[in-house]
Amino acid sequence: MEEKLHIDWLTVGLYIIIVMFGAVNIYSANNTLEHHFLFDFKMEYGKQIIWMSASALIVFLVLLTDFKFFNYSAYGIYVVVILLLIVLLATGSFNKGAQAWFKIGAFKLQPSEFAKYATGLALAKFLGTYVIKFEGKRNMGICFAIIFFPMLLTLAQNDTGSALVFLSFILVLFREGLSGWWLILGFYLVLIFVLTILYPSLYIIIGLLLILTFIIFMYKKHKQLIVASILVVTLSVGFILSLDFVFTSILKPHQQQRILVTLNQDVEEYYANKTNGFSFFKVELPKKEDKMKSKRDYSYNVRQSKISIGAGQWIGNGFNNGTQTKAKLVPEQHTDFIFCTVGEEYGFIGSVLFIGLYLFFIGRIFYLAERQKNTFSRVFGYSTGSIILFHFFINIGMAMGLLPVIGIPLPFMSYGGSSLISFSLMLFTFLKLDANRVNELSRFS
Amino acid sequence: MEKSNKFLLIIIFLIGIGIIFSIRLYFLQIVDSSNYYKAQAYGSNEITLNPPRGTILDRFGNLMVYNDALYDLMVVPDKTLETDKYTLSKFLNIDTINFDKRLKKAARYNSRQASIFYKNLPFEMLTSLQEIIHQFPAFYIESKIDRRYNIQGAAHLLGYLGEASEKIVVEQPYYKPGDILGISGMEKSYEFYLRGKKGRRVVLVDKFSRQQGSFAGGKFDSVPIPGQNIFSSVDIDLQRFGEQLLGNKIGSIVAIEPKTGEILSIVNSPNYDPNLLVGQERNKNFARLLIDPSKPLFNRALKAPYPPGSTFKLVQALIGLQEGIIEPSTTFPCAGGYRMGSLTVGCHAHASPLDLENSIKNSCNAYYCHVYRAILDNPKYGSVQVAYKKWTEYLLSFGIGVKTGIDLPEESKGIIKHNDYFVKVFGKNWRSANVVSMSIGQGEVGLTPLQMANVAAIIANKGWFITPHVVKSIGDSYFVPTEFKEKRYTMIDAKHFDTIISGMSMVTKPGGTAGRTGIEGIDICAKTGTAQNPHGKDHSIYIAFAPRENPQIAICVMVENGGFGATFAAPIANLMIEHYLVKDKKAPSTRLDLYNRMITTSLLENSVYNPK
């Protein structure tokens, strides 16, 4: 039978627009006045064109591949990527403090980018298997294992940002049946975390105990509620203490400072307070060079990023005219801080349109995922959407100074071969699956 | 929860993110617009572009002051990792240890920005370096401008440059600390024209303050406007000649073109080479000049009031004529001086009595004592005090006792005392006899050489002068300030000058006080002066103009402690006149002996300034 390509052209169109817009912004971020050439393959935007061509080739290959291939080889791909991560851990070369690259000639391959893809496939394969649902301890355990194994390996490479991305699979699990309470618990823990960092732990514990007393006093009759409350507060206190311990004793100074900077804390003042007996654990003061590093790297990056975006005002400076962009005032602007260029050169109107477009793109992926008739495609679609959403949320939130500086790229926009190719691969794998949804039902279920 | 509800929840979550991000963007980009201004401050840097300073030329277009380029070798220490130290240090004639030391010094200052590695590259080093410098990307050659003077003298006329003081920076916002501007001489008085207009370039800078190109497409940039060239009225050749003649002596020469008021030369001795006050050695040299006991920085021609001596008799005669006290034919007796009770003003041997013409020719003291007392005791004014006031008004109209208004900074107005001074010294009813020494230019009167030269110009013009000035024209449009075109009339009628001029003409003819220094073929009208002073031997003074018809040059020569006016001042002035008027400027062959005697004689031995 002649296969007709039922690909979702709307998503493809959005993809092309975002990738092109990314290249334009990389060009602008690169194109300081020292470099006037339109195509300079030594510059990042020139290389990005190569990556775009490579992605196009991959996309073409994916579209040529039989859609069944992804289902059949899901575990295989997963195992290969896990092996790659392990090999990388053993032999990987150093890069920016994160041991995350394979150097193959002039190219650097970042397996963790492909690990998300493989994990998505593996998770989809597992949940897509006949009769398996996201229910029961064993199945849930296997799902979490599939997710956390590559996540821990990535974390072991010091690539915290990429490791955190695996948390986006929680959203997939939520769709597949994970209780909403887990998400609420997650938010609660984040709240406690932030409060613990911001205020002396003692105050928070006292506050929690006051609330507990209030609940016991008000709801004397509801024994269940009282028991649950006592349990939550006890666990919270334990969490606070362990958090305090982890934050002060296990996290490295630069990690502490990233978090502090995001929470708008003065690093030195914070440490001064911490050592004044507010904390249950003694803090080892960061060394002088670490302090310098933090000032230069984290608060500096975020401040420059915010200034750049702020410089855009209503309509921005226009393409290739960003003053801050041209002055190279934002570090890593072509990769993790690519949104600064958008903010500065296209202003509020352009940025909001861009964010709207991007969210529409993500929403479209979720919409396509939702309309899948088999679990494999749906889970993989949700994985794709969730990962892109997580990247988008963290990356833009970081550029705006809303979230800590976590070095993860903006999919399809940031410079980087591994990122662009792996996201293209993921997206078009899903689009290929989607294109074949009409004849899937009979074959898989 | 229904599964499709969960999808809806996710979509709501997406919309929520969109709203939160938009609000954040609204605050960052619209509300908190101060970020934008901060962005500008962070991202841009203003660079001042200094225009080339105008040059100064003499009246015939010969270059006197110009700009010279100096070259420094600059280095950006951060880029030096792969530099071939050995080759470069060989080109610079330094060893590698010295090389490292210089590099370290530059790196200490700022390792990312350029600093000077080798100052003032010698020319031969420069040319060889220019060929190989491209091999050393961390190094480049930067040129800067320094002032050069084509003459080893004329320092007081041309002036020097210096850094803007704090006071100037506060008063004149055009200047920023470290700016160079004219501190004295023409450099100062024509600063406005010479400096041009600074341009500016606003450049983008990155986080390391490295330039990244122009800001906002060059919207705020402006091109520097070069300074205007100035034609000075000075004749550089005459100036050099005067400096030669006055060498080894202390004094000054001022020569003016009478009909234009243009200064032809303004010589001071001691003088100094203006090239001393540029470049690296400037401060050291300046300190040396400042403590030199002969005061080379002192502009005698403009700032030192001298007793004019007998040259002042011309002014007295003119005032007497105008006041109707005397006529050309008026005679006064002289028996070796003027006696008045115990007071005697001595005179030298000459025929008696003398008329006005001959009183000038012979410089009779007694004649002018009579004239001056008659002026002051004129019954027309009722009292000496009123008559004296009238007399000072005459002087003021000659530019005496008042600044002439020359276009050079720091001019002295000379010395003219007023009534209250004499009241203090001689009492309320002081008499003409009290001040009789002023009749012959001694006592309470002092003129700068410039004022004396101006008197000569006034006589040459028969009653008027134009404010003496050293500028001939400014810029490409040959602009001349209007104040240097206006005739200023004295209170003396033109008809009174003929007798004076013919008397002055007789001075340089045989029998006159400067008869032996006269020049054949040129009718020089002059007056000698010998001024007693508390500093030692008499000052030798001479004012003159020539030729008698259609005068081209008026001059004053003042030689401190030079003795009689005819001894030094007269020969020097007459040589100057000859040099200027005889356009065929070969060596002053006709009077080589006089010339040689003038340039070889040193008066420094007798001088109080002699450091020995």
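In what follows, chains carry the letters A, B, and so on, assigned in the order in which the sequence lines appear, proteins first and then strands, with residues in each chain numbered from 1.
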Asks: Below 4.5 Å, heavy atoms only, C-beta onward: do Phe174(A) and Leu9(B) meet side chain to side chain?
Replies: yes

Asks: Using every non-hydrogen atom in the two residues, find where Phe393(A) and Phe21(B) come nearest and quote the distance to one decimal.
Replies: O-CZ, 3.5 Å

Asks: In this structure, are over 12 heavy atoms from other groups packed under 6.0 Å from Tyr188(A) atom OH?
Replies: yes

Asks: Which of the residues Gly343(A), Gly385(A), Gly347(A), Gly363(A) is involved in the greatest number of heavy-atom pairs with chain B at under 4.5 angstrom?
Replies: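 Among Gly343(A), Gly385(A), Gly347(A), Gly363(A), the one with the most close pairs to chain B is Gly347(A).
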
Asks: Any donor and acceptor pair, going by atom type alone, linking the side chain of Arg175(A) with main-chain N or O of Lys6(B) inside 3.5 Å?
Replies: no

Asks: Side chain, backbone, both or neither: which part of Ile10(B) has an atom under 4.5 Å from a heavy atom of chain A?
Replies: side chain

Asks: Contact between Leu389(A) and Phe13(B) at the side-chain level, heavy atoms closer than 4.5 Å - yes or no?
Replies: yes

Asks: Mind ranking Phe366(A), Trp314(A), Phe348(A) by heavy-atom pairs under 4.5 Å with chain B and telling me who comes out on top?
Replies: Phe348(A)

Asks: Kindly indicate, with the supporting measurements, whether the criterion side chain to side chain contact (heavy atoms under 4.5 Å, CB included) is fulfilled by Ile11(B) and Tyr367(A).
Replies: CA-CA 9 Å; Ile11(B) 297 303; Tyr367(A) 170 77; 5.9 Å; no

Asks: Write down the atom of Leu25(B), the atom of Ser351(A), and the distance for their closest heavy-atom approach.
Replies: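 Distance-wise, the nearest heavy atoms are CD1-CB, 3.3 Å.
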
Asks: Are there more than 12 heavy atoms of other residues, nucleotides or ligands under 6.0 Å from atom OH of Tyr66(B)?
Replies: yes

Asks: Around Ile97(B), counting heavy atoms of other residues, nucleotides and ligands shown, do more than 12 lie under 6.0 Å from its CD1?
Replies: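 No, the 6.0 Å shell around CD1 holds no more than 12 heavy atoms from other groups.
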
Asks: Only heavy atoms, only distances under 4.5 angstrom. Which residues in residues 353-360 of chain A are near chain B?
Replies: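 Result: Ile355(A), Leu359(A).
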
Asks: Work out which heavy atom in Tyr382(A) is nearest to a heavy atom in Phe7(B); give both atom names and the distance.
Replies: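 Minimum heavy-atom contact is OH-CD1, 3.3 Å.
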
